[in-house]
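Written out below as structure tokens is the structure these notes cover.
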Amino acid sequence: MKEVMQRVAHSRRYICLFLSLNLFLNPFELQALVSYKPSIVIFLADDLGIGDIGCYGNNTIRSKWHTWLSFYPYYPTNNPVRTPNIDRLAKEGVKLTQHIAAAPLCTPSRAAFLTGRYPIRSGMAGTGHSRVLQWVASSGGLPTNETTFAKILQKQGYATGLIGKWHQGVNCQSRNDHCHHPLNHGFDYFYGMPLSLMGDCQITQPPEKAMSLRTKLWSYTQMIALAVLTLIAAKLTHLVPLSWKTIFLLALFGFSFFIFWFSSFGFIRYWDCIVMRNHEITEQPMNVERAAPLMLREAISFIERNKQGPFFLFVSFLHVHTPLVTTKKFIGKSSHGLYGDNVEEMDWMVGRILDTLDKEHLKNSTLTYFTSDHGGHLEAQEGNAQRGGWNGIYKGGKAMAGWEGGIRVPGLFRWTGMLPEGKVIPEPTSLMDIYPTMVHLAGGTVPQERVIDGRDLMPLLQGSVEHSEHEFMFHYCGMHLHATRWYQKDSGNTWKAHYMTPVFHPEGASGCYKTRFCPCSGEGVRHHNPPLLFDLSKDPSEAMPLSPDTEPLFQAVLKSIDRAVEEHRRTLRPVPQQLSLDNTIWKPWLQPCCGTFPFCSCDKEKDDIENRQQF
Ligand SMILES: *[C@@H]1O[C@H](CO)[C@@H](O)[C@H](O)[C@H]1NC(C)=O
Ligand SMILES: *[C@@H]1O[C@H](CO)[C@@H](O)[C@H](O)[C@H]1NC(C)=O
Ligand SMILES: *[C@@H]1O[C@H](CO)[C@@H](O)[C@H](O)[C@H]1NC(C)=O
């Protein structure tokens, strides 16, 4: 049967070649028909702003006399960040300029990317307690009944590997059930961090999570101590009918809580900054300085092991998330401080992986894609030094779902011979589109019994259609719909209506510098009724809200958008909330641990280097 199918496919190939000679079809469309399954390499940066890379405009215009002037010590040299390798993807492929993340934070955005669905459909949208997974040992994560595109690619015969950050949960009920683990979500191979890089991972950095926890838990501990003391006093004066046993238990509970709080100081690094290879912990805590070279080596070795193809390599960078761990070679290399250095290091890693594809003659048979999970983090600063990404002309950033800066990210596709080179497409597209695009290329079918919000991008990329299939896009902040975009194809306008926007502070800033992250709801947001309306096609920076006086279509546009929102809401179903309080607290019995809990510690990387070189 299989042979017959292959022969049929073969003869089709010749028919198509024949058609090509007859020029019946546009050449790109045709080549897609005769295509085999391409290998796929996806680069996903963490927190990278769209304005950080050369091909998206980080090319500060220099004076003609730049070279001469730059000898003058006070000449302002605002040099661009150098990203020649990422720019190469744009030159050799297609650049999307309205490529939109489904959420402005890691966990929900990546969940949407992997499932092709708005995070609210999988329960991965923040509920108010938490907007991302905070601990390796929380029970929340990408539900096992969600089907990632990696899983479909795996079924289609792809070797699938994830190198880098996961941040979609690990365990459900016990320390080693690994229900949310990458290997349970379609990856044959995983090497990287189950959570995310954070300040606590680097010894030289102030412990960011430990600090906030300390403040929070200290007040709880005080309250518990006070309550227990009150109870004891009440018992002594016979005011409450509690047994000493109950009081003892309550005191014990309070005490354990205190221990937990206290121990969290040094332990966060041990608990959350870990590296795994498949199901095994290799470093606990991780050596952050070593992470970049190890991940690069892993990525290259994955390609070499699987070069007979087809393979799917997902390089999910720890770059350019704080604390911006950068190898010595790159420190001081850019003219944009440690942040720029970190971007340039990531670009170099992209280059090394592209070189490997070239070396193995895989360039033409591999579709390469580059993006970022959401916009740059404006509030990440150290003193006056920039520590987060730059979102170019777009307003807002990470954690802000409505403003363009939080969700408009780079989107580069290269597939030599199959996709045009140097083409720029301004149509609205979504990171969720990767799902059906990859599934179709692999010859699979998308799940039919659930809503998939992404659309196949191949026709748009190849130029066989002119317009994106997306008409409306919904911009969620956690569970709250903050804005809706409407691409009105016949007129070419892209409208965006904001229902809620974060209140910036200090006033006049474009970020929430007091709290580091803008909230989705509560006092930190302003409600707009009627919504704030912009026409992104004329005002991409969302600077001038329209009004019924300035925009004759004002009411009509809002009416169309309202109808679409209503229709969209009808497709939503209640699902278990993965980011509920219960699913985001630290649960000791879920803590992955190398050694005996709570004394978790190991460094297998050191012992393993020789073995790994044989890969
Ligand atoms: C280039 O990126 C750096 C780093 O984010 C930023 O500081 C700088 O303003 C950007 N330059 C331009 C012209 O966008
Ligand atoms: C790759 O594709 C390009 C463009 O179609 C072509 O010029 C080149 O010869 C191809 N290389 C190989 C090794 O097939
Ligand atoms: C997964 O399971 C949950 C809980 O049973 C259910 O609500 C949800 O619809 C399921 N999701 C899919 C995609 O089947």
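In listed order, ligands and their atoms are each counted from 1. For this chain, numbers begin at 1 and follow the sequence in order.
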Contact between ligand 3 and R450 is defined here as a heavy atom of the residue under 4.0 Å from a ligand atom; is it met?
yes
Using a plain distance cutoff, I'd like to know if N145 has any nitrogen or oxygen under 3.5 Å from a nitrogen or oxygen of ligand 3.
yes
Can you confirm if the NZ or CZ of K363 lies within 45° of the ring axis of W415 and under 6.0 Å from the centre of its six-membered ring?
no
Check E304 with K359, please: is the shortest side-chain N to carboxylate O separation under 4.0 Å?
yes
Between N58 and I53, is any pair of side-chain heavy atoms under 4.5 Å apart?
no
How far is atom 2 (O) of ligand 2 from its nearest protein heavy atom, and which residue and atom is that?
N364 ND2, 2.3 Å
Quick one: are the ring centres of F149 and Y158 less than 6.0 Å apart?
no
For ligand 1, is there an atom lying under 4.0 Å from some heavy atom of G51?
yes
For atom 9 (O) of ligand 3, what's the nearest protein heavy atom and its distance?
V575 CG1, 4.0 Å
Counting from 1 in the order shown, the ligand 3 atoms closer than 4.0 Å to a non-hydrogen atom of P576 are 3 (C), 4 (C), 7 (O)
Looking only at the side chains, is there a donor atom on one of E345 and T327 sitting less than 3.5 Å from an acceptor on the other?
yes
Near D52, which atoms of ligand 1 are under 4.0 Å from a heavy atom of that residue?
2 (O), 4 (C), 5 (O)
Protein non-hydrogen atoms only, distance under 4.0 Å: does atom 5 (O) of ligand 2 have such a neighbour?
yes
Under a 4.0 Å N-O cut-off, is there an ion pair linking D347 with K333?
no
Apply side chain to side chain donor-acceptor pair (under 3.5 Å) to residues H374 and D47 and explain how you reach the verdict.
CA-CA 6 Å; H374 49 70; D47 289 13; 3.2 Å; yes
Determine, considering heavy atoms only, which of L48, N342, N58 sits nearest to atom 10 (C) of ligand 1.
N58
Heteroatom distance test (Y339, ligand 1): nitrogen or oxygen, under 3.5 angstrom:
no
Residue V81 vicinity, atoms of ligand 1 by number, heavy atom under 4.0 Å
1 (C), 2 (O), 3 (C), 4 (C)
Search all heavy atoms of G397 against all heavy atoms of L378 and return the closest pair with its distance.
N-CD1, 3.9 Å
